[in-house]
Amino acid sequence: MDRLTGHIRKFAAMMTGLHGDRLEDWIADAEQEDLAPLAGFARNLRGDSEAVRNGLSLPHSSGVVEGKTCRSLSTRSGCPW
């Protein structure tokens, strides 16, 4: 459990500190663990690593836009989500 906690904390630090440059090392370390869910998560991240790296590096958020898009759609035809 301590190893899993360490990997989660490192990933959280990448997210909060915008350290997408550390992603490849994190994935490689996680894939070496005998924790199947963690290794699977890491493999899935590798499948779209460019987008994940950008998400972990760039200070952009679409949160505000999502709400406005939904309101705009709901006035026309109903919000699909």
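Quick caveat, the model's predicted, so the values are computed rather than measured.
Note that CG of Asp48 and CZ of Arg53 are 10.0 Å apart. Values are rounded to the nearest 0.5 Å. Separating the CZ atom in Arg3 from the CD atom in Gln32 is a distance of 12.0 Å, to the nearest 0.5 Å. A distance of 13.5 Å separates CG of Leu35 from CZ of Phe41, quoted to the nearest 0.5 Å.
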Cut-off 3.5 Å, no hydrogens considered: what does the side-chain donor-acceptor table look like for residues 9-24, sequence neighbours left out?
| residue | atom | partner | partner atom | Å |
| --- | --- | --- | --- | --- |
| Thr16 | OG1 | Ala12 | O | 3.0 |
| His19 | NE2 | Gly17 | O | 3.3 |
| Glu24 | OE1 | Arg46 | NH1 | 3.1 |

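When all heavy atoms are compared, the tightest approach of Ala42 to Glu31 is CB-CG, 3.8 Å.
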